[in-house]
Amino acid sequence: GIDVGEIDLVIQFVSPRQVSRFLQRVGRRGHRKDRVPEGIVLASDALDCFESAVVVRRAKNGLLESKTVRKNALDVAAHQTAGLAIDKQAIEFEQALAIIRKARPFATLSPQDYLEIVKQLEEARIISFDGKLIKETRKTRMYYYENVSTIRDSKKFFVKDATMRKNVGLLDESFVNEYITPNATFIARGRAWKVLSVSEKEIAVEPTRDLSAAIPEWVGEEIPVERAVASETAVLVAGAGEKIDVKQLAHEYYCAPDAVKKIVEFASDQKKFFTPNPSEIVVEANKDFAIIHAFCGTKANETLSRALGNLFSAMHGVSVRTKASAYGFLMQFPKPMRASLVKEALIELSGRKIHSVLAQTLVNTSLYRQKFVGVAKAFGVLSKKSELGGFGVRRLVEALYETPVYREALSELFYDKLDIETAAEALGRKISLLEERGEWSPLAKQFFNLGSFSELLAAAAPSEQVIGAFKENLLEKKPRLLCTYCGKLHTRALSEEKSYAYCPYCSSTQITT
């Protein structure tokens, strides 16, 4: 947003990920009515070539991403209520609600939701409320001016080189919560670092030469790829794998010869495994990894990965790690898993309400707790300087269950990180299995160079289905039994518990295993 003067050419390194972002950046060149903006995208690898080509083509054709407006943000309504109390000294509940509803994003705010907001503020002593009048208190003005901005304050973590005992940088809380775990690698100050440990205020690291899994420190703000771009990328990969006019490809997608070469080579190699289809999900599994190819966009695949990971964990009683991209997501298990089991879980998930599955499980993640602390501060429940963490946050989440703070944090998480609608639509697609070949497809290989995993999704307690399956398998077992009277061996299923009291040969009760 700054005026940097005359720019001759805009160079975008790696895909801009969104058409609107790309146009905004290229628009810095020729920033006058009588001039034409010009820019170049330098792609980093073959898949980046595909995505960049699609973004550029859509930009040339004016196909921008659609924008949505967040509705009924409860923390914003709370802040405006404090403002009305300051402005009017005393204002009736119905009048305050009517004023707030005049803003289009709050036109559908229900009286019940607003009453809960007012009661939450009254409980925190931000306002006083006698059931009819909303009034200013001693805390109202301080709360109002501390929360003028809706941009959340972000805690910073010092990054300390354990070998030299020197600080080498700072990381935002959001980045740390999503990507930093022991043994993860990231890039800061132009170097790769391996994480040794994470404490409340500091991250101990050591230098590493392993750049393959490293992620830039700014990836926490990574721009999500929309569904339309992801779908067209799948179509381009499929089309480039067929007999294609190279000149037409270069002309239609504005690609340099080197980019066209990479696109054709990648697509030809991918065709040997399967041809991408934006209306189909392909499950590819090898040993303890499974990759679900679903060209739904970043947010929708993040939604699917978290919902399926939690459901699979509950169904099979195993821990699962996931990481998502615009073109699918990867699941890692503690032991080899068949692709058919992943398909069964996808089918099971399609029959459930994905929103309710996530609403029950997301509240146990650090991602939710980070949002929750920010919302609690926006409501005045926590002070702006509070550094509540760990067990304290979990206790507060439990204490404020189903309050406006709890629901707003969950709503923000769904809006910022997830796409329920697209994910639900994707679950109705055809699901295909790719036979295990001992090697990964080119599309699958991209996931092993994609940042770090999300949180470990572990079944907190066995589900009824898991308990039932365990009991059934246990009762089918047939231990060997010895009669100490006649000395003969025999076997019986555990389900035949009544016949365990007697030997089938001599009817003796002297039975042992």
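These numbers come from the heavy atoms of this one structure, side chains and all, not from hydrogens, waters or symmetry mates. Since the structure is predicted, the reported quantities are computational estimates derived from the model, not experimental observations.
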Asks: Are the side chain of N147 and the backbone of Y143 linked by a donor-acceptor contact shorter than 3.5 Å?
Replies: yes

Asks: L396 versus L382: any side-chain heavy-atom pair under 4.5 Å?
Replies: yes

Asks: Do side-chain atoms of R369 reach the backbone of N364 as a donor and acceptor pair under 3.5 angstrom?
Replies: yes

Asks: Heavy-atom distance under 4.5 Å between the side chains of C296 and R429, does that happen here?
Replies: yes

Asks: Within the distance-only criterion (no hydrogens, no angle test), does the side chain of S231 pair as donor or acceptor with the backbone N or O of A228 below 3.5 angstrom?
Replies: no

Asks: Answer yes or no: is there a donor N or O on one side and an acceptor on the other, between the side chain of T365 and the main chain of T361, under 3.5 Å?
Replies: no

Asks: Considering only heavy atoms from C-beta outward, does the side chain of K299 approach that of T422 to under 4.5 Å?
Replies: no

Asks: Are P224 and Q18 close enough that some pair of their side-chain heavy atoms sits under 4.5 Å apart?
Replies: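 SC-SC contact between P224 and Q18 confirmed.
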
Asks: Could you walk me through whether Y406 and T403 pass the side chain to side chain contact (heavy atoms under 4.5 Å, CB included) check?
Replies: CA-CA 5 Å; Y406 181 97; T403 64; 3.9 Å; yes

Asks: Start with the C-alpha gap between L358 and F414, add the side-chain angles, then the distance that decides, and say whether side chain to side chain contact (heavy atoms under 4.5 Å, CB included) holds.
Replies: CA-CA 9 Å; L358 288 170; F414 275 105; 3.9 Å; yes

Asks: Please assess E398 against R394 for the test salt bridge (charged side-chain N to carboxylate O under 4.0 Å, His left out), listing each intermediate value before the final yes or no.
Replies: CA-CA 6 Å; E398 292 174 3; R394 292 184 180 91; over 6 Å; no

Asks: Indicate the atoms forming the closest heavy-atom contact of L23 with L64, along with that distance.
Replies: CD1-CD1, 3.7 Å

Asks: When the ring planes of F295 and Y327 are compared, do they come out parallel, tilted or perpendicular, using 30° and 60° as the limits?
Replies: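 F295 and Y327: tilted rings.
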
Asks: How far apart are the closest heavy atoms of E284 and H293, and which atoms are they?
Replies: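 Taking every non-hydrogen atom into account, OE1-NE2, 2.8 Å.
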
Asks: Do the side chain of N61 and the main chain of L63 share a donor and acceptor less than 3.5 angstrom apart?
Replies: no

Asks: Flag the pair P278 / V235 as yes when at least one side-chain heavy-atom distance between them is below 4.5 Å, and no otherwise.
Replies: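 In contact.
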
Asks: For F106 and Q80, what are the C-alpha separation, side-chain angles and deciding distance, and is it a side chain to side chain contact (heavy atoms under 4.5 Å, CB included)?
Replies: CA-CA 11 Å; F106 295 94; Q80 290 302 300; over 6 Å; no

Asks: Is there a side-chain contact between S52 and F22 in this structure, where contact means two heavy atoms from C-beta onward sitting under 4.5 Å apart?
Replies: no

Asks: Verify side-chain hydrogen bond (donor to acceptor under 3.5 Å, both in side chains) between E116 and Q112, making sure each step is shown before the conclusion.
Replies: CA-CA 6 Å; E116 290 180 11; Q112 181 59 37; 3.3 Å; yes

Asks: So, the side chain of E402 versus the backbone of R407: is there a donor-acceptor pair under 3.5 Å, distance only?
Replies: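 A pair under 3.5 Å: no.
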
Asks: Backbone N or O of F274 within a donor-acceptor pair of the Q270 side chain at under 3.5 Å?
Replies: yes

Asks: With sequence neighbours excluded, what pairs up with Y415 under the side-chain hydrogen bond (donor to acceptor under 3.5 Å, both in side chains) test?
Replies: T68

Asks: Nearest heavy-atom pair of S199 and F157: which atoms, and what distance?
Replies: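 For S199 and F157, the tightest heavy-atom pair comes out as O-CE2, 3.5 Å.
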
Asks: Looking at A77, is its backbone amide N or carbonyl O close enough to the side chain of T81 to form a donor-acceptor pair, meaning the two atoms are under 3.5 Å apart?
Replies: yes

Asks: Between V363 and Q360, what is the shortest heavy-atom contact and its length?
Replies: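 Result for this residue pair: CG2-O, 3.6 Å.
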
Asks: Distance-only, no hydrogens or angles: does the D419 side chain make a donor-acceptor pair with backbone N or O of T303 under 3.5 Å?
Replies: no

Asks: Taking ring pair (Phe, Tyr, Trp, His ring centres under 6.0 Å) as the definition, give me every residue that meets it alongside Y253, ordered by chain and number, with sequence neighbours left out.
Replies: none

Asks: Evaluate the side-chain proximity of L42 to I40: yes if any heavy-atom separation is below 4.5 Å, no if none is.
Replies: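 Heavy-atom side-chain distance check passes, below 4.5 Å.
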
Asks: Which atom names give the shortest non-hydrogen contact between P16 and V55, and what distance separates them?
Replies: CG-CG1, 3.7 Å

Asks: Applying the salt bridge (Lys or Arg N to Asp or Glu O under 4.0 Å) criterion to E408, which one of R70, K377, K371 satisfies it?
Replies: R70

Asks: Any idea which heavy atoms bring Y254 and R57 closest together, and the distance?
Replies: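 For Y254 and R57, the tightest heavy-atom pair comes out as CE1-CA, 4.3 Å.
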
Asks: Would you say the side chain of E65 lies within less than 4.5 Å of the side chain of V229, judging by non-hydrogen atoms?
Replies: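 Side-chain contact under 4.5 Å: yes.
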
Asks: Using a strict 4.0 Å threshold on nitrogen-to-oxygen distance, state whether E421 and R227 make a salt bridge.
Replies: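 Answer for the salt bridge query: no.
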
Asks: Is the distance from the ring center of H316 to that of F333 below 6.0 Å?
Replies: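 So the answer is no for these two rings.
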
Asks: If we ignore angles and hydrogens, is there a donor and acceptor under 3.5 Å between the side chains of Q446 and S325?
Replies: no

Asks: Tell me, please, which residues at least two apart from E38 pass side chain to side chain contact (heavy atoms under 4.5 Å, CB included).
Replies: L9, R29

Asks: S15 side chain to D48 main-chain N or O, any donor-acceptor pair under 3.5 Å?
Replies: no

Asks: Decide yes or no on side chain to side chain contact (heavy atoms under 4.5 Å, CB included) for L74 and L109, but give the supporting numbers first.
Replies: CA-CA 9 Å; L74 304 184; L109 181 65; 4.2 Å; yes

